[in-house]
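As structure tokens, the structure follows; a few thoughts come after it.
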Amino acid sequence: PGRTMITGLKQKLDYSDYARIPPDGKRYELLEGDVYVTPAPSPLHQRVSKRLQRQLEAYFEVSGRGEVFNAPIDLILTPHDVVQPDLVVVTDPGQVSGRAIEGPPALVVEVLSPSTREHDRTVKGRRYAALGIRHYWLVDLEASRIECYRAETGAYALVVQAEGDASLSHPDWPGLTISLAELWR
């Protein structure tokens, strides 16, 4: 008497567990049921993300090609994979539900910060490719560079990149040109 046995503890967390995490200003994500926590992003990170969002909106939203969302927004890829990318481009309106974006969107953008750069390049990149996210862009603040990857047979291959004050045109979206100078100024 007096002792309780805890049984059935989950080995992998799912969306219902994730939804119960209290808001504390940090970013929580689930990858294969494991929780990853990152601190709130820096002002520079937010500034560059916002400026890139405006350029993506000008291409996708003005033409009716899609919708651009910015963090924090939940992207539910599986019950055990719930992430909050910096920017998400959705071209299928059916993926936007009352609670989140559900299923692989057209494009996910991560702005690298010192605390996330390795994780975003490795663990997250591999998982995104495995779960069918076709386009994954990394914005490297330190190098003033954007790297655009496309999933090919379950892994990402670099399609195009640009740095400094260059302009970046993506072959999969004719007419989409990102002015990098606008991001860093």
Side-chain angles (χ1 to χ4, degrees), residues 27 29-31 36 38 41 44-78 81-97 99-113 116-141 143-163 166-184:
R27 188 183 296 189
E29 297 182 307
L30 288 182
L31 287 170
Y36 293 87
T38 52
L44 173 62
H45 175 288
Q46 292 300 77
R47 185 180 300 132
V48 169
S49 182
K50 178 178 67 179
R51 289 173 177 168
L52 179 56
Q53 179 180 353
R54 286 188 194 130
Q55 293 190 49
L56 290 171
E57 284 171 349
Y59 180 80
F60 285 98
E61 294 190 4
V62 172
S63 65
R65 290 181 181 97
E67 191 171 1
V68 183
F69 293 90
N70 63 321
I73 187 154
D74 291 341
L75 170 57
I76 303 171
L77 297 165
T78 75
D81 294 276
V82 184
V83 293
Q84 291 192 5
D86 291 309
L87 297 171
V88 180
V89 177
V90 178
T91 53
D92 173 2
Q95 291 185 300
V96 182
S97 75
R99 65 180 183 169
I101 295 166
E102 307 200 33
L107 167 64
V108 165
V109 179
E110 295 286 5
V111 179
L112 301 178
S113 54
T116 65
R117 72 185 300 118
E118 279 314 302
H119 176 70
D120 289 348
R121 283 190 179 283
T122 57
V123 176
K124 202 181 267 189
R126 280 196 297 270
R127 195 70 189 137
Y128 283 173
L131 294 175
I133 295 176
R134 182 154 167 77
H135 293 279
Y136 183 40
W137 292 10
L138 294 174
V139 180
D140 189 330
L141 298 174
S144 299
R145 181 175 59 235
I146 296 181
E147 303 164 15
C148 302
Y149 295 90
R150 183 193 307 123
E152 291 171 10
T153 60
Y156 285 116
L158 185 66
V159 177
V160 64
Q161 68 176 347
E163 60 186 63
S167 288
L168 183 148
S169 296
H170 199 289
D172 293 7
W173 288 298
L176 173 61
T177 301
I178 303 297
S179 165
L180 272 68
E182 296 289 311
L183 303 180
W184 328 122

Legend entry - Donor-acceptor side-chain pairing of E147 and Y156 below 3.5 angstrom: no
Legend entry - From R51, Q55, K50, E57, residue fulfilling side-chain hydrogen bond (donor to acceptor under 3.5 Å, both in side chains) relative to Q53: E57
Inset, instruction - Apply the test side-chain contact (heavy atoms from CB on, under 4.5 Å) to residues I73 and Q84: give CA-CA distance (whole Å), side-chain angles for both, the deciding distance (0.1 Å), then the verdict. - result: CA-CA 6 Å; I73 187 154; Q84 291 192 5; over 6 Å; no
Inset, instruction - With R117 as reference, evaluate D140, V111, T122 under the side chain to side chain contact (heavy atoms under 4.5 Å, CB included) test and give the passing residue. - result: D140
Side-chain contact test, heavy atoms from C-beta onward, threshold under 4.5 Å: evaluate it for [X] versus [Y] and give yes or no.
{"X": "L56", "Y": "I178", "result": "yes"}
{"X": "L87", "Y": "N70", "result": "yes"}
{"X": "T116", "Y": "E110", "result": "no"}
{"X": "I146", "Y": "L183", "result": "yes"}
{"X": "L77", "Y": "I133", "result": "yes"}

Heavy-atom closest contact ([X] atom, [Y] atom, distance):
{"X": "E163", "Y": "A143", "answer": "CB-O, 4.0 Å"}
{"X": "P104", "Y": "Q95", "answer": "O-NE2, 2.8 Å"}
{"X": "A71", "Y": "R27", "answer": "CB-NH2, 3.5 Å"}
{"X": "P171", "Y": "V160", "answer": "CD-CG1, 4.3 Å"}
{"X": "V108", "Y": "P85", "answer": "CG1-CB, 3.5 Å"}
{"X": "S179", "Y": "S167", "answer": "CA-OG, 4.3 Å"}

When the ring planes of [X] and [Y] are compared, do they come out parallel, tilted or perpendicular, using 30° and 60° as the limits?
{"X": "Y136", "Y": "Y149", "answer": "tilted"}
{"X": "F60", "Y": "W173", "answer": "perpendicular"}
{"X": "Y36", "Y": "H119", "answer": "tilted"}

Legend entry - side-chain contact (heavy atoms from CB on, under 4.5 Å) evaluation trace for V89 with H135: CA-CA 10 Å; V89 177; H135 293 279; over 6 Å; no
Legend entry - Verdict with reasoning, L141 to H45, per side-chain contact (heavy atoms from CB on, under 4.5 Å): CA-CA 8 Å; L141 298 174; H45 175 288; 4.2 Å; yes
What distance separates [X] [atom1] from [Y] [atom2], expressed to the nearest 0.5 Å?
{"X": "D86", "Y": "L138", "atom1": "CG", "atom2": "CG", "result": "10.0 Å"}
{"X": "E102", "Y": "L75", "atom1": "CD", "atom2": "CG", "result": "9.5 Å"}
{"X": "L176", "Y": "L168", "atom1": "CG", "atom2": "CG", "result": "7.5 Å"}

Legend entry - Check against side-chain contact (heavy atoms from CB on, under 4.5 Å), R150 and E152: CA-CA 6 Å; R150 183 193 307 123; E152 291 171 10; 3.0 Å; yes
For [X] and [Y], indicate whether the former's side chain and the latter's backbone hold a donor-acceptor pair under 3.5 Å.
{"X": "R145", "Y": "Q161", "answer": "no"}
{"X": "E61", "Y": "V68", "answer": "yes"}
{"X": "D92", "Y": "G94", "answer": "yes"}

Legend entry - Lys/Arg N to Asp/Glu carboxylate O, E29 vs K124, below 4.0 Å: yes
